[in-house]
Amino acid sequence: MTNSSLFSDFEPIVISNVFSEEEIKEIYDSRSKSENLLVDESCGYITNTKPFSENIRKKIVQIVQDNVPIKVKEWGNHMPRYTLESNSKPRLHPHYDVGLDQASFTLSIQLDHTLPWTVYVGHQGYDIQRNTAVLFSGSHQIHWRPDIEFGPNDYYDIIVAQVVRRLS
């Protein structure tokens, strides 16, 4: 199997019970105490740029490592909150993850939300629930979410984590 087909032919995996309730509380507590916010009006979200704790970061990498056929290392992660508070309509147009120096796997972890929002990888939709994730190759598999209407109090929190092949 070539490196490219390893990523493009990867069958997305749904993973339940990603974090313990204590870990989810830790994630939200650290986010509420940080002022490292970045607004992305092109997608309609506000994200926190403060790194997750080492414990959370290692757990994310291990989850991916347990489900892919290569050795991986962390590339990056963030926790966007899709909301009208971003001064833009929340949306995720069809795209591939670009800007990385090599192919990547993406773990999209659903946290708290006020409305459901299906994530599509290729033509397959995944209606994941709180504390559930979809693992796929963000660099090689097109992914998006359909347009939906957010109300003034609606939000949709996820963690997007990317890993790449560990070369050594």
Side-chain angles (χ1 to χ4, degrees), residues 13-68 71-93 95-117 119 121 126 128-139 143-145 148 150-168:
I13 299 170
V14 174
I15 301 164
S16 299
N17 301 313
V18 176
F19 298 115
S20 69
E21 286 302 317
E22 294 79 23
E23 289 167 328
I24 292 172
K25 183 178 181 331
E26 174 190 333
I27 290 165
Y28 275 100
D29 284 350
S30 74
R31 293 299 179 246
S32 68
K33 295 174 185 161
S34 175
E35 296 178 7
N36 300 338
L37 298 179
L38 174 72
V39 177
D40 185 335
E41 291 183 8
S42 70
C43 292
Y45 67 69
I46 301 169
T47 191
N48 194 306
T49 60
K50 178 183 177 184
F52 292 109
S53 70
E54 187 72 15
N55 173 53
I56 297 298
R57 291 172 50 226
K58 283 183 177 179
K59 182 164 190 176
I60 290 169
V61 170
Q62 190 60 54
I63 288 168
V64 177
Q65 183 63 78
D66 290 345
N67 288 285
V68 299
K71 297 292 182 195
V72 299
K73 69 176 181 176
E74 179 183 44
W75 180 261
N77 54 58
H78 69 115
M79 183 179 163
R81 169 170 277 198
Y82 289 88
T83 174
L84 293 174
E85 291 177 25
S86 67
N87 295 317
S88 183
K89 178 182 175 175
R91 62 186 157 263
L92 189 64
H93 297 299
H95 71 285
Y96 297 94
D97 296 339
V98 295
L100 292 89
D101 62 356
Q102 57 179 300
S104 67
F105 285 105
T106 300
L107 188 66
S108 179
I109 307 165
Q110 168 62 56
L111 294 173
D112 291 334
H113 58 284
T114 59
L115 68 171
W117 199 12
V119 61
V121 179
Y126 298 90
I128 57 176
Q129 303 301 312
R130 181 180 188 272
N131 202 21
T132 302
V134 175
L135 174 63
F136 59 96
S137 174
S139 62
H143 50 285
W144 75 94
R145 294 178 188 269
I148 63 170
F150 276 69
N153 297 316
D154 286 326
Y155 65 91
Y156 195 85
D157 293 346
I158 62 173
I159 293 175
V160 178
Q162 294 173 311
V163 302
V164 296
R165 183 187 299 265
R166 188 173 67 217
L167 300 175
S168 58

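Throughout, residue positions are numbered sequentially from 1 according to the sequence presented.
Scanning all heavy atoms of the two residues, the minimum distance from Ile13 to Asn67 falls at CD1-O, 3.7 Å. When every heavy atom of Phe136 is checked against every heavy atom of Ser108, the shortest pair comes out as CE2-CB, 4.3 Å. Here the closest non-hydrogen pair linking Asp97 and Gln162 is OD2-NE2, 2.9 Å. Taking both residues in full, the closest heavy atoms of His93 and Trp144 are given as C-CB, 3.5 Å, listed atom of the first, atom of the second, then distance. The nearest pair of heavy atoms linking Gly151 to Asp154 is N-OD2, 2.7 Å. Residues Ser137 and Ser104 share a closest heavy-atom pair of OG-O, 3.0 Å.
Judged as a ring pair (Phe, Tyr, Trp, His ring centres under 6.0 Å), and not counting sequence neighbours, Trp75 has no contacts. With sequence neighbours left out, Asp112 forms a salt bridge (Lys or Arg N to Asp or Glu O under 4.0 Å) with Arg130. Residues passing the salt bridge (Lys or Arg N to Asp or Glu O under 4.0 Å) test with Glu26: none are found, sequence neighbours excluded.
With respect to the salt-bridge test (charged N to carboxylate O, under 4.0 angstrom), the residues Glu54 and Arg57 qualify.
Ring orientation note: the planes of Tyr82 and Tyr45 are nearly perpendicular, at an angle over 60° on the 30°/60° scale. Using cut-offs of 30° and 60° on the angle between ring planes, the pair Trp117 and Phe150 is perpendicular.
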